[in-house]
Amino acid sequence: MKTSTAVAAVLFVSVGCASGAAETEYQTPYVGAPAGTGGYAPAGGVVGTGGYAPAGGVVATGGVVATGGVVNTGGVVATGGVVNTGPKPTNPMGNTCDRFGRLIGNKYAVQNNRWNDAAAPQSQCVTAYQDSSGNNVRMDVNPSGVNVSSNEPGSYPSVVYGWHYGNWSYGYNQTQVKTVSAVSSIPSTWDFTVGGGKYNVSYDIWVNPAANPGKPDYGTEVMIWLDYAGAMPFGSKVGDVSIAGGNWEVWVGTMGNWKYIAYRRASGARAVAMDLKPFLSDAAARGSLQLSWYLLSIQAGFEIWQSGGAFATTSYSVDIL
């Protein structure tokens, strides 16, 4: 989940449970608000094979498409931005297998967040790295033990830019927080791989009337589902919309004490580069949030019910401008 200069970040999570610098926190998101049931997303939700470089695009060493469009092998074209720029970070942020472990970087926090999975303590581990500035981050996730039968996902291993249940990352904090109306754009790129099972790959954006709440009560959770298998958004589908070069189903509901709105891509994507602000504008037009409310954070990760292998964010960046 996220100041004035857009930068690329990579998150890479690996198998293993070695101890590392971790900060523990506790939360209970989704409690009292089961996710919707019914329907089935195509396995993997993948569209396109081999990727496509837009006309005029130049492929750089290592297979990076230059400005004008981005795609990676097996991915889907998303307009604007560049994925996988520069060398991968090698400075360890740490490793945690703690259920609510957090790895703190210069810009982002990486969280294990096995909030609805009280299984064996070592059932999910995350490892992360950053470059010297903290702008670029890698993360790998090993969720081999996650297997819940409830409607709520077992875990949401993710990168946090900004707020998470009263905790802040260093890159965007309570002294920098902006109202939605003051935000000009939210440029983001994300390239990832999935391990199968029942999951979604999603942004989780938090907006609230308060600038520094302890909980998300009375605000809005905005989710953007890029890829999914076997899972449905919470609430009810209320329509369809075209944003950022993609077609999205729109789902709304009330999640405990806060509103929920989700945008599920009609066909899954494995690489995106887009501005997230239009999703907030659309949510405001639908009455799900107020433009005068504060944009607390952008989170990006994997909601996992049943894991079928390792998940990885191989390239990720976000900024609130």
Side-chain angles (χ1 to χ4, degrees), residues 1-2 27-39 41 45 111 113 115-117 148 150-158 160-166 179-180 183 186 188 198-210 213-241 243-244 246-266 276-305 318:
M1 322 171 173
K2 283 157 224 332
Q27 66 166 53
T28 54
Y30 300 104
V31 172
T37 59
Q111 59 182 12
N113 199 15
W115 65 271
N116 190 39
D117 171 28
V148 296
S150 63
N151 289 326
E152 301 94 337
S155 66
Y156 183 58
S158 47
V160 181
Y161 183 47
W163 174 95
H164 182 79
Y165 280 75
T179 62
V180 175
V183 174
I186 309 171
S188 181
K198 182 179 179 180
Y199 67 88
N200 72 55
V201 182
S202 56
Y203 291 96
D204 202 9
I205 304 174
W206 296 92
V207 182
N208 199 276
K215 296 180 180 180
D217 296 354
Y218 314 114
T220 299
E221 177 182 13
V222 181
M223 297 200 76
I224 304 172
W225 287 32
L226 302 179
D227 193 21
Y228 44 86
M232 300 289 287
F234 171 75
S236 302
K237 183 182 175 182
V238 296
D240 300 276
V241 65
I243 298 177
N247 297 318
W248 310 82
E249 300 171 350
V250 184
W251 296 68
V252 299
T254 300
M255 186 83 69
N257 292 326
W258 65 87
K259 293 182 179 180
Y260 172 95
I261 182 168
Y263 297 85
R264 187 173 77 157
R265 192 174 175 113
L276 306 182
K277 175 64 185 293
F279 291 94
L280 299 184
S281 299
D282 184 82
R286 295 175 187 273
S288 291
L289 60 88
Q290 300 297 317
L291 294 176
S292 60
W293 290 2
Y294 293 94
L295 173 56
L296 299 179
S297 70
I298 309 291
Q299 304 183 19
F302 309 100
E303 283 193 320
I304 304 171
W305 285 259
V318 70

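Because the structure is predicted, anything quoted here is derived from the model rather than measured.
Proximity of Asp204 to Val222: side-chain heavy atoms (C-beta onward) are nowhere separated by under 4.5 Å. Taking 4.5 Å as the limit, every side-chain heavy atom of Trp251 sits out of range of all side-chain heavy atoms of Tyr263. Looking only at side-chain heavy atoms (C-beta outward), Pro278 and Ile243 come within less than 4.5 Å of each other. Side-chain atoms of Thr254 and Tyr260, non-hydrogen and from C-beta on, never get closer than 4.5 Å to each other. Side chains of Pro213 and Leu296 form a contact here, defined as non-hydrogen atoms less than 4.5 Å apart. Between Ser155 and Asn113, the closest side-chain pair of non-hydrogen atoms is not below 4.5 Å. The closest side-chain heavy-atom distance from Val183 to Leu280 is not below 4.5 Å. Between Ile186 and Ile205 the shortest side-chain heavy-atom distance does not fall below 4.5 Å.
For the pair Lys198 (side chain) and Ala229 (backbone), a donor-acceptor distance under 3.5 Å is absent. A donor-acceptor pair is defined here as one N or O able to donate and one able to accept, closer than 3.5 Å; such a pair exists between the side chain of Tyr228 and the backbone of Arg265. Within the 3.5 Å criterion, the main-chain N or O of Asn151 finds a donor-acceptor partner in the side chain of Trp305.
By the 30° and 60° cut-offs, the orientation of the rings of Tyr165 relative to Trp163 is parallel.
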Do Thr179 and Leu295 pass the side-chain contact (heavy atoms from CB on, under 4.5 Å) test, and can you show the C-alpha distance, the side-chain angles, and the key distance before you say yes or no?
-> CA-CA 6 Å; Thr179 62; Leu295 173 56; over 6 Å; no

Pair Trp258-Lys215, side-chain contact (heavy atoms from CB on, under 4.5 Å): steps then yes or no = CA-CA 10 Å; Trp258 65 87; Lys215 296 180 180 180; over 6 Å; no

Using the side-chain contact (heavy atoms from CB on, under 4.5 Å) rule, take Met232 and Arg264 through it: C-alpha gap first, then chi angles, then the decisive distance, then the call.
-> CA-CA 9 Å; Met232 300 289 287; Arg264 187 173 77 157; 3.4 Å; yes

Lys277 and Val180: CA distance, side-chain angles, deciding distance, side-chain contact (heavy atoms from CB on, under 4.5 Å) verdict | CA-CA 8 Å; Lys277 175 64 185 293; Val180 175; 4.1 Å; yes

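In this structure, the side-chain contact (heavy atoms from CB on, under 4.5 Å) partners of Pro209, at least two apart in sequence or on a different chain, are Trp293. In this structure, Asp217 has no salt bridge (charged side-chain N to carboxylate O under 4.0 Å, His left out) partners at least two apart in sequence or on a different chain. With sequence neighbours left out, Trp248 forms a side chain to side chain donor-acceptor pair (under 3.5 Å) with no residue at all. Evaluation of the side-chain contact (heavy atoms from CB on, under 4.5 Å) rule for Ser150 yields Asn116, Val148, Glu152 as partners, not counting sequence neighbours. Scored by the side chain to side chain donor-acceptor pair (under 3.5 Å) test, Ser292 finds no partners at all (sequence neighbours excluded). For the side chain to side chain donor-acceptor pair (under 3.5 Å) test, no residue two or more places apart in sequence or in another chain qualifies with Asn257. Remark: Ala266 engages Asn247 in a side-chain contact (heavy atoms from CB on, under 4.5 Å) (not counting sequence neighbours). For Ser202, the side chain to side chain donor-acceptor pair (under 3.5 Å) partners two or more places apart in sequence, or in a different chain, are Asn200.
In terms of heavy atoms, Ser188 sits closest to Tyr203 at OG-OH, 2.8 Å. Here the closest non-hydrogen pair linking Pro157 and Ile304 is CG-CD1, 4.1 Å. Heavy-atom minimum distance, Ser158 versus Gly301: CB-CA, 3.7 Å. Of all heavy-atom pairs spanning Trp225 and Ala231, the tightest one is CZ3-O, 3.7 Å.
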Can I get a per-line list of side-chain donor-acceptor pairs under 3.5 Å for residues 284-291, giving both atom names and the distance, sequence neighbours left out?
| residue | atom | partner | partner atom | Å |
| --- | --- | --- | --- | --- |
| Arg286 | NE | Asp282 | OD2 | 2.6 |

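In this structure, Tyr294 places its OH atom where only 12 or fewer heavy-atom neighbours from other residues, nucleotides or ligands lie under 6.0 Å away.
Outside the 6.0 Å centre-distance limit, the rings of Phe302 and Tyr199 are not counted as a close aromatic pair.
Every pair tested for salt bridge (Lys or Arg N to Asp or Glu O under 4.0 Å) that includes a residue from residues 251-261 fails, sequence neighbours excluded, so the list is empty.
If you take OH on Tyr156 and NE2 on His164, they are separated by 9.5 Å, rounding to the nearest 0.5 Å.
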